[in-house]
Number of protein chains: 2
Amino acid sequence: MTTEEKIFLAAENEFMEKGFDGTRMQAIADRAGINKAMLHYYFRSKDALFEKIFQEKIKLIFPKIGEDVKKKKSFIEKVEVFIETYYQLLSQYPFLPLFVITTMNKKGNEHFAKNLPVDFFRDFFIASMFEEISQGKIKAVNPLQFAFSVLGMSVFPFLARPAILHVVNGNQEIFEELMKGRVEELKKYVRYILTP
Amino acid sequence: MTTEEKIFLAAENEFMEKGFDGTRMQAIADRAGINKAMLHYYFRSKDALFEKIFQEKIKLIFPKIGEDVKKKKSFIEKVEVFIETYYQLLSQYPFLPLFVITTMNKKGNEHFAKNLPVDFFRDFFIASMFEEISQGKIKAVNPLQFAFSVLGMSVFPFLARPAILHVVNGNQEIFEELMKGRVEELKKYVRYILTP
DNA sequence: AACGTAATTAACCAAATGGTTAATTCCAAA
DNA sequence: TTTGGAATTAACCATTTGGTTAATTACGTT
């Protein structure tokens, strides 16, 4: 692994766990096992390093989900695939939601403006929903509201993990069990909401 | 307004907007229009000040919701009241979710341990749900999963506000409209999910 | 008016932090 | 083997930041 990669990986973890303000350049260097000056050698400044990582991470939010989703015919199936794929992604990067949300709330939305697949979201997701509603295949719910609800339900456990853990008396196993069963449960909710 | 109140109010806003790490004692002092030394005079340290504010804020999360909810007979009605009350609360403190979530993820859960109404949540909410399920009054969904879903749907727009604003082309009015209609939409979803 | 306590301020301090620099080491090409 | 640019390091720097202190002011009580 090259020094640059070491730095990137270390910075990634530090920023994800502690946020921009909470992260120290020295901590990144220590974690990467290299000299602090290397950080500035490869990435100009703390801001630049953070920016690079954030840009890379935000692209993860909507990865190949698009393609997976497009394969499915019915809208309900599309949503189900979305929930599955999204859950897998978040399991791989549990801090991603917190990271993105704190960042976008602190700094302006200039950061993710280019990378949010708004077009896909509006022209494809929303459009295909309108279509099935007018065909009477699904119930007439507000597409935007529905989308934010699915996102909220999917993301919440990853954001509120400490609180949820506390509710289940700190029992990790129960928490994992809960997370595992969540995908099926959410798919059920979606069917209840959308099936006419 | 006493100096202590001025400090508390200013600190509240600073911490809520910028988080613990992002907040500067000087910024609090400036915002309160007083000398920085007063912060330490009234509240020992940054940590102590933050702690006091956090403890006060976290109690807000489950305010008198309990009582409002208990009045209602059917479980669906209970959930509907919860959504309404919760939405009003969050409208008043839009940064509350972000504040609580970032804090509980950074520091341990010692902070909110005492103040999370776990007992109410388990013994009352969950219990009353089990009851209605066994009576066949609502569909058999997992109570915990359902609770986290309602919370997630309720809280999401307050966390992802910048992203949502971006989706609606930065149009504030559309966003407000969306938020206003959200309560009814969520109540609808709950009925779809729970009604047998 | 004098006294004493609480409130307030300006100046200061030590530690932490992001960033720089000059010197040194590596290493591949000539 | 020499050489030149890239990689790496230790030491250093300026600024920021949470916190302290000694002195001053405000103000209710006797």
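Both backbone and side-chain heavy atoms feed into the values below; hydrogens, waters and symmetry mates do not.
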With a cut-off of less than 4.0 Å, is there a side-chain N or O of [X] near OP1 or OP2 of [N]?
X	N	value
A:R24	C:dG18	yes
A:Y42	D:dT8	yes
B:T3	C:dA7	no

- Under 4.0 Å between any heavy atoms, over every strand shown, what does B:T23 touch: base, sugar-phosphate, or nothing? Just pick one.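 Sugar-phosphate, no base atom in range.
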- Task: Answer with base, sugar-phosphate or nothing: what part of the nucleic acid does A:M25 contact at a heavy-atom distance below 4.0 Å?
- Result: sugar-phosphate
Nearest whole angstrom, please: distance from the [atom2] of [N] to the [atom1] of [X].
X	N	atom1	atom2	result
B:D47	D:dG19	CG	P	7 Å
B:E4	C:dA6	CD	P	14 Å
B:Q26	C:dA11	CD	P	13 Å
A:M38	C:dT20	CE	P	15 Å
B:K6	C:dA7	NZ	P	13 Å
B:H40	C:dC12	NE2	P	19 Å
A:F43	D:dA7	CZ	P	12 Å
A:Y41	D:dT8	OH	P	8 Å

- Task: Tell me, with the steps shown, if B:F95 and B:F99 meet ring pair (Phe, Tyr, Trp, His ring centres under 6.0 Å).
- Result: CA-CA 6 Å; B:F95 284 100; B:F99 179 65; 9.7 Å; no
- Query: Any donor-acceptor pair under 3.5 Å linking the side chain of B:K139 with the backbone of B:Y192?
  - Reply: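 Yes, B:K139 side chain to B:Y192 backbone: donor-acceptor pair under 3.5 Å.
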- Message: Taking A:K137's backbone N and O only, do any of them form a donor-acceptor pair with A:E132's side chain (distance below 3.5 Å, no angle check)?
- Response: no
- Message: With a 3.5 Å cut-off and heavy atoms only, can you find an N or O donor on one side and an acceptor on the other between the side chain of B:K46 and the base of D:dG19?
- Response: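 Looking at the base of D:dG19, it does not pair with any donor or acceptor on the side chain of B:K46 (distance under 3.5 Å).
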- Query: Of B:A37 and A:K36, whose closest DNA chain C nucleotide lies nearer the 5' terminus?
  - Reply: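 Nearest nucleotide further toward 5': that of B:A37.
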- Kindly confirm or rule out a cation-pi arrangement of A:K52 over A:F8, judged by NZ or CZ under 6.0 Å from the six-membered ring centre and within 45° of its axis? no
- Message: Same cluster or not: A:L9 versus A:M16, using hydrophobic residues (I, L, V, M, F, W, Y) connected whenever any side-chain heavy atoms lie under 4.5 Å apart?
- Response: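 Hydrophobic grouping puts A:L9 apart from A:M16.
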